Asker: 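I'd like to ask you about the structure that follows.
Numbered from 1 within each chain, the chains take letters A, B, ... in sequence-line order. Everything numeric in this text was worked out from a predicted model, so none of it was measured.
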Number of protein chains: 2
Amino acid sequence: MSKAITPTLRGTRAQEDYLEQILTLIENKGYARVVDIAHNLGIAQASVTGMIQRMDADGLVAYEKYRGVILTEAGEEIAREIVRRHESLVEFFALFGLDEHSIYDDIEGIEHHMSQPILAAIQALTGELERQPALLERVKKKIAGCA
Amino acid sequence: MSKAITPTLRGTRAQEDYLEQILTLIENKGYARVVDIAHNLGIAQASVTGMIQRMDADGLVAYEKYRGVILTEAGEEIAREIVRRHESLVEFFALFGLDEHSIYDDIEGIEHHMSQPILAAIQALTGELERQPALLERVKKKIAGCA
DNA sequence: AATATAAGTTAGTTGAGACTATATTTTGAT
DNA sequence: ATCAAAATATAGTCTCAACTAACTTATATT
Ligand SMILES: [Mn+2]
Ligand SMILES: [Mn+2]
Ligand SMILES: [Mn+2]
Ligand SMILES: [Mn+2]
């Protein structure tokens, strides 16, 4: 009997982005307000309210009108997974001198498409490359040529 | 005067997937029929007709009713770019023993989120790693542990 | 040439996820 | 306690991209 596979995407891409923001806000400020979620994701407040209601229906957050949002267990699990993938990507691309800010949009997209084997490969490679500064230098040189 | 930056995504993600399929079909069979596009993308024929009409309006393909589709210059350029990204990803992940089939869905997603610097990094790293079998072996060992 | 089947199109519907404008609730300052 | 401002919610609209069912055109077989 094999373990159940974990699909790449749990909830929609948009929902994963909301969960990521909500977790980050809760960890940074203790709570997640609609206005901050909207600001961080660059969308209108009303859109956030609507999405939060859908996510409540899906069991990803617990929502009470005018009272704010918290993550359910299911929601928090997904949120932590996404944050982990995001961070793994930042760490990986930082090796080559790509800074977090300039590739933010790419990482926001890629993080939703990393099944276990790909995540493991990136993380393992990151670990090994951290001990190969010479190799990294050569890669950086090549990248510079493609600018 | 700097060159115009090329955005990561030209057309929508769905459109990029259509363009990729259309180019592949044209190169493999000489033409791209609605029925084959639909089959390869796993969607209904009627949906393909609808999308092709939108893409014609956007100048990505040239469409005549009942006569099939061809790519415009703009469409072909995007299509080749996507295929290139897809192939780069396959080549990269193959290094670690991940087979194309099992990570197909991930690559289908990631290919839409690779701006120049990320593409260059992946390609440069692939080139260097091809000369580092010992390093690859270590990475593979680590990945095996995460299964 | 007639006709069956395959391919393609149209029409109408759905759902996600965004938007604006408006209404309501909460909160903070007086 | 009152009232203004900030936060949140509702209502209604929009676009994209899918779907099914029904219709039309192309093609292949006899
Ligand atoms: Mn992220
Ligand atoms: Mn994201
Ligand atoms: Mn692809
Ligand atoms: Mn794709």
Asker: Only one of A:Glu16, A:Glu20, A:Arg10 clears side chain to side chain donor-acceptor pair (under 3.5 Å) with A:His112; which?
Answerer: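 Exactly one candidate clears the test, A:Glu16.
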Asker: Name the residue closer to the 5' end of DNA chain C, choosing between A:Arg67 and A:Ala44 according to the nucleotide with the nearest heavy atom.
Answerer: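 The residue closer to the strand's 5' end, by nearest nucleotide, is A:Ala44.
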Asker: In whole angstroms, how far is the C1' atom of D:dA7 from the CG atom of A:Asn40?
Answerer: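 Roughly 16 Å, once rounded to whole Å.
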Asker: Quick one: B:Met51 CE to D:dC16 C1', roughly how many Å, whole number?
Answerer: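 Atom-to-atom, B:Met51 to D:dC16, this comes out as 8 Å.
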Asker: Below the 4.0 Å mark, does D:dA18 have OP1 or OP2 next to a side-chain nitrogen or oxygen of B:Ser47?
Answerer: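 No, because none of the side-chain N or O atoms of B:Ser47 sits under 4.0 Å from OP1 or OP2 of D:dA18.
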Asker: OP1 or OP2 of D:dA26 less than 4.0 angstrom from a side-chain nitrogen or oxygen of B:Lys65, does that happen here?
Answerer: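 Answer no for this pair, as no side-chain N or O of B:Lys65 is under 4.0 Å from OP1 or OP2.
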Asker: Would you call A:Arg13-A:Asp17 a salt bridge at under 4.0 Å N-O?
Answerer: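 Result for this pair is yes, salt bridge flagged.
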Asker: Is the phosphate of C:dG17 approached by A:Tyr18 (side-chain N or O, under 4.0 Å from OP1 or OP2)?
Answerer: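 For C:dG17, OP1/OP2 do not have a side-chain N/O of A:Tyr18 under 4.0 Å.
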Asker: Is there a side-chain contact between A:Gln45 and the phosphate of C:dC19, meaning an N or O under 4.0 Å from OP1 or OP2?
Answerer: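 The answer is no; no side-chain N or O of A:Gln45 sits under 4.0 Å from OP1 or OP2.
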Asker: To the nearest Å, how far apart are B:Ile22 CD1 and C:dG8 P?
Answerer: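 Rounding to the nearest Å, CD1 of B:Ile22 and P of C:dG8 are 12 Å apart.
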Asker: Looking only at the side chain of B:Val35 (C-beta and beyond, no hydrogens), which of the listed nucleotides C:dA7, C:dA21, C:dA11 gets closest?
Answerer: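 Closest nucleotide to the B:Val35 side chain: C:dA7.
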Asker: Checking side-chain polar atoms at under 3.5 Å, does B:His86 have a donor or acceptor matched by the opposite partner on B:Glu108?
Answerer: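 Side chains of B:His86 and B:Glu108: pair found under 3.5 Å.
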Asker: A:Tyr31 OH to D:dA6 C1': how many Å, rounded?
Answerer: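 The distance from OH of A:Tyr31 to C1' of D:dA6 comes to 13 Å, rounded to the nearest Å.
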Asker: Nearest whole angstrom, please: distance from the P of C:dG17 to the CZ of A:Arg13.
Answerer: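 Value for this atom pair: 11 Å.
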Asker: Rounded off to whole Å, could you give me the CD-to-P distance for the B:Glu64 and C:dT9 pair?
Answerer: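 About 11 Å, once rounded to whole Å.
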Asker: Looking at B:Ile43, is its backbone amide N or carbonyl O close enough to the side chain of B:Ser47 to form a donor-acceptor pair, meaning the two atoms are under 3.5 Å apart?
Answerer: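 Judged by distance alone, no pair lies under 3.5 Å.
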Asker: Separation of B:Ile37 atom CD1 from D:dA17 atom C1', in whole Å?
Answerer: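 The answer, rounded to whole Å, is 15 Å.
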Asker: Identify which nucleotide among C:dA18, C:dG8, D:dA17 has an atom closest to any side-chain atom of B:Arg54, counting heavy atoms from C-beta outward.
Answerer: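 Taking heavy atoms from C-beta onward, the closest nucleotide is D:dA17.
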Asker: Which of these nucleotides, D:dA11, C:dA18, D:dA18, is closest to any side-chain atom of B:Ala14?
Answerer: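 The answer is D:dA18.
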Asker: Does a side-chain N-to-carboxylate-O contact under 4.0 Å join A:Glu81 and A:Arg84?
Answerer: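 Counted as a salt bridge, because a side-chain N and a carboxylate O are separated by less than 4.0 Å.
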Asker: Taking 4.0 Å as the cut-off, does a side-chain nitrogen or oxygen of A:Tyr66 come that near to OP1 or OP2 on C:dT27?
Answerer: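 No, outside the criterion.
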Asker: Taking only side-chain N and O atoms of B:Thr12, does any of them lie within less than 4.0 angstrom of OP1 or OP2 on D:dA17?
Answerer: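 For D:dA17, OP1 or OP2 has a side-chain N or O of B:Thr12 closer than 4.0 Å.
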Asker: Send over the distance from A:Leu41 CG to C:dA16 P, rounded to a whole Å.
Answerer: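 The distance from CG of A:Leu41 to P of C:dA16 comes to 18 Å, rounded to the nearest Å.
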